[in-house]
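Heads up: the structure comes next, in structure tokens.
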Amino acid sequence: MKLIDLSREIHHKMARLPNHPMVIIAPFSTHEEKRVADGYEFSSAVMSLNMGDHSGTHVDAPVHFDERPGAKGIDEMPLENFFTEAVCLDLSHKPLKSDISIADLQAAESAAGIEIRPRDTVLLHMDFYRRTHGTEAFITDFPGLTKESATWLGNKGITMFGVEAVSPGRPGRTNFEVHHVCRDMGFTHMEGLVNLDQLVGKGRFRFIGFPLKIRGGSGSPIRAVAWLE
């Protein structure tokens, strides 16, 4: 068994979309503070975390873009959705700021020698993290799905797909259309993945990425992991 960590490190003031809360991490108590209980001296370290439910590597819940009554929060989503069969498609040749078309997905599926099956998690390697991490382009210059290509994935009956970028579609209308495809077709997506290059050419594997049980959460950070036999 081999586990590949697909999760970004969560750190103070990490890159995020400007319409989401800033990640603030600070010491709450440190080992410099000595305490005494029943005559026994000790110290303990605790960190304070302030962040949105779409921080770092995370998954969207239906309620994020679905205003209808009954739309599920992250705490209501089945755990089975986050422990699935998975495949990775290589789209690393796509230029920054480009659209991922249906033809791109079909060609990547064929090149991988796999078939996307119902209930799969589909990871899309665009080599975006390596090309832009630590620059302003990380928030704006990603390739992305379109309404049509997201619908093509949805018609495969997948559970969810995942990207390295902060959004599944390019900034603006396209991104919101992709979110609404997920809403209307009953699947979701992850953002902020890393290390997808290590999954290219690996065929089928298991994906694990359980969310926090946030009551009514519109999403949740996850520890995304690929499990290769």
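- Using a 4.5 Å heavy-atom threshold, the side chains of I214 and D75 count as separate.
- E148 has its side chain out of reach of T151: every pair of non-hydrogen atoms, C-beta onward, lies at least 4.5 Å apart.
- Note that CG of L196 is 13.5 Å distant from NZ of K202, once rounded to the nearest 0.5 Å.
- Side chain to side chain, H58 and D53 fail the donor-acceptor criterion of an N or O pair below 3.5 Å.
- Atoms CG and SG, from L124 and C88 in turn, are 7.5 Å apart once rounded to the nearest 0.5 Å.
- Aromatic ring orientation, F161 versus H189: parallel (interplanar angle below 30°, classes split at 30° and 60°).
- Looking only at distances, no side-chain donor or acceptor of D120 sits under 3.5 Å from a matching main-chain atom of I158.
- Across all their heavy atoms, T140 and P171 have their closest contact at O-CG, 3.5 Å.
- Between R68 and R183, some side-chain heavy-atom pair lies under the 4.5 Å cut-off.
- Looking only at side-chain heavy atoms (C-beta outward), M14 and R8 come within less than 4.5 Å of each other.
- Ring geometry, F210 versus F83: the interplanar angle falls from 30° to 60°, so the pair is classed tilted.
- More than 12 heavy atoms of other shown residues, nucleotides or ligands fall within 6.0 angstrom of atom NZ in K156.
- Here the side chains of L105 and I100 are in contact, with some heavy-atom distance below 4.5 Å.
- Using the six-membered ring where Trp is involved, Y129 and F138 have ring planes that are perpendicular, over 60° apart on the 30 and 60° scheme.
- Put simply, the side chain of L6 reaches to within 4.5 Å of the side chain of L199, judged on heavy atoms.
- The hydrophobic cluster containing F28 does not contain I24, counting ILVMFWY residues as joined when their side-chain heavy atoms lie under 4.5 angstrom apart, directly or transitively.
- Between the side chain of S29 and the main chain of S44, a donor-acceptor pair closer than 3.5 Å is present.
- Under the 3.5 Å distance criterion, the side-chain polar atoms of D38 are left unmatched by any main-chain donor or acceptor of Y40.
- Clustering ILVMFWY residues whenever any of their side-chain heavy atoms sit less than 4.5 angstrom apart, transitively, puts V194 in the very cluster that holds L17.
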Test side chain to side chain contact (heavy atoms under 4.5 Å, CB included) on F142 and V163; report intermediate values, then the result. CA-CA 10 Å; F142 41 88; V163 298; over 6 Å; no

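- When side chains are defined from C-beta on, L193 does not count as touching H125, because their heavy atoms never get closer than 4.5 Å.
- Between L89 and I114 there is a side-chain heavy-atom pair separated by less than 4.5 Å.
- For the pair K94 and D99, the salt-bridge criterion is not met [side-chain N within less than 4.0 Å of a carboxylate O].
- A distance-only check finds a donor-acceptor pair linking the side chain of T159 to the backbone of R119 [under 3.5 Å].
- Closest approach of I74 to L212, counting heavy atoms only: CG2-O, 3.8 Å.
- Between K147 atom NZ and D184 atom CG the span is 8.5 Å, to the nearest 0.5 Å.
- More than 12 heavy atoms of other residues, nucleotides or ligands shown are found within 6.0 angstrom of NZ on K34.
- Under a 4.0 Å N-O distance rule, the pair R206/E85 qualifies as a salt bridge.
- Contact record, R170 with G144: CG-N, 3.8 Å, taken as the closest heavy-atom pair.
- At a threshold of 4.0 Å, the pair D127-R130 counts as salt-bridged, since one of the basic side-chain nitrogens sits closer than that to a carboxylate oxygen.
- Rounding to the nearest 0.5 Å gives a distance of 10.0 Å between NE2 of H180 and CG of N175.
- The local environment of CD in E33 is crowded, with over 12 non-hydrogen atoms from other residues, nucleotides or ligands closer than 6.0 Å.
- Residues G216 and V63 come closest through the heavy atom pair O-CG1, 4.2 Å.
- A donor-acceptor distance shorter than 3.5 angstrom exists from the side chain of T135 to the backbone of T132, with no hydrogens or angles considered.
- Contact record, P62 with M77: CD-SD, 3.6 Å, taken as the closest heavy-atom pair.
- Connection of F176 to V59 is not established within any shared hydrophobic cluster, with ILVMFWY side chains joined at heavy-atom distances below 4.5 Å, either directly or through further cluster members.
- Linking ILVMFWY side-chain heavy atoms closer than 4.5 Å, directly or via other members, places F205 and L153 in two distinct hydrophobic clusters.
- One hydrophobic cluster, built from ILVMFWY side chains closer than 4.5 Å, holds both W227 and L123.
- The OG1 atom of T188 lies 11.0 Å from the CZ atom of F65; values are rounded to the nearest 0.5 Å.
- The CG atom of D197 lies 6.0 Å from the CG atom of N195; values are rounded to the nearest 0.5 Å.
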Kindly indicate, with the supporting measurements, whether the criterion side chain to side chain contact (heavy atoms under 4.5 Å, CB included) is fulfilled by R131 and D141. CA-CA 10 Å; R131 289 191 278 177; D141 289 4; over 6 Å; no

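- S55 places a side-chain N or O within 3.5 Å of a backbone atom of G52 that can act as its donor or acceptor partner.
- When every heavy atom of P221 is checked against every heavy atom of I10, the shortest pair comes out as CB-CD1, 4.5 Å.
- H64 and H54 have tilted rings, their planes meeting at an angle from 30° to 60° on a 0 to 90° scale.
- Other residues, nucleotides and ligands contribute over 12 non-hydrogen atoms within 6.0 Å of the CZ atom of F42.
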Working note: I4 + L228, criterion side chain to side chain contact (heavy atoms under 4.5 Å, CB included); need CA distance, chi angles, decisive distance, verdict. CA-CA 8 Å; I4 297 177; L228 279 63; 4.1 Å; yes

Can you check side chain to side chain contact (heavy atoms under 4.5 Å, CB included) on L96 and M126, steps first, answer last? CA-CA 9 Å; L96 298 177; M126 302 180 194; over 6 Å; no

